[in-house]
Amino acid sequence: MLDGPNEGPPSPEGAKTWKDKFGLVNVSVFADPNFSMVSGGSVGTPMMTVIDPRTMQVTYVQQGFSGEFGEVESLAKQNAGAF
């Protein structure tokens with residue numbers, strides 16, 4: 001989240017409130033008050049940022065909703081059995 005629920009700065013509590021309000025169960029919502037996950041000089045919403053949990057590096061950013069999740073699926077396959 002780039003903004004809090006009341007258009008103020010985002011917080012972990014605000015992210016949880018937003019997640020609960022929309023019944024988001026299988027996704028993560030994070031507060032990003034420093035716009036650290038924004039690439040470039042503009043933001044398109046919704047924005048999906050894929051972070052590799054093994055390296056904690058951003059691997060893909062999508063602005064707008066395409067309905068496709070190929071990058072997430074590809075990363076999951078890449079990391080499957082990587083222990």
Side-chain angles (χ1 to χ4, degrees):
M1 294 183 64
L2 301 176
D3 292 313
N6 298 316
E7 297 187 27
S11 67
E13 296 79 16
K16 182 171 181 350
T17 297
W18 195 82
K19 182 176 177 173
D20 293 346
K21 177 180 179 178
F22 292 101
L24 302 174
V25 177
N26 296 320
V27 299
S28 298
V29 178
F30 296 93
D32 187 11
N34 298 319
F35 291 65
S36 59
M37 291 191 283
V38 173
S39 62
S42 65
V43 177
T45 57
M47 184 174 78
M48 177 176 72
T49 303
V50 178
I51 301 171
D52 185 337
R54 306 244 190 271
T55 64
M56 295 309 292
Q57 297 294 310
V58 174
T59 61
Y60 179 75
V61 176
Q62 173 183 307
Q63 295 188 37
F65 182 69
S66 70
E68 300 295 323
F69 300 97
E71 289 77 12
V72 174
E73 293 166 353
S74 176
L75 180 61
K77 287 177 186 175
Q78 172 187 317
N79 284 344
F83 288 101

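Just so you know, residue 1 is the first one in the sequence shown, and it goes up from there.
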State, to 0.1 Å, how close Arg54 and Asn79 come at their nearest heavy-atom pair, and which atoms those are. NH2-O, 2.8 Å

Residue pair Ala15 / Ala31: nearest heavy atoms and the distance that separates them: CB-N, 4.1 Å

So, for Leu75 and Pro53, which heavy atoms are closest and what is the spacing to 0.1 Å? CD2-CD, 4.4 Å

Nearest atoms (heavy-atom pairs only) where Val25 meets Lys19: O-NZ, 4.4 Å

Assess the residue pair Leu24 and Trp18 against the criterion (side-chain contact (heavy atoms from CB on, under 4.5 Å)); give the C-alpha distance rounded to whole Å, side-chain angles, the decisive distance to 0.1 Å, and a yes or no. CA-CA 9 Å; Leu24 302 174; Trp18 195 82; 3.4 Å; yes

Nearest heavy atoms of Asp52 and Gln78, plus distance in Å: OD2-NE2, 4.1 Å

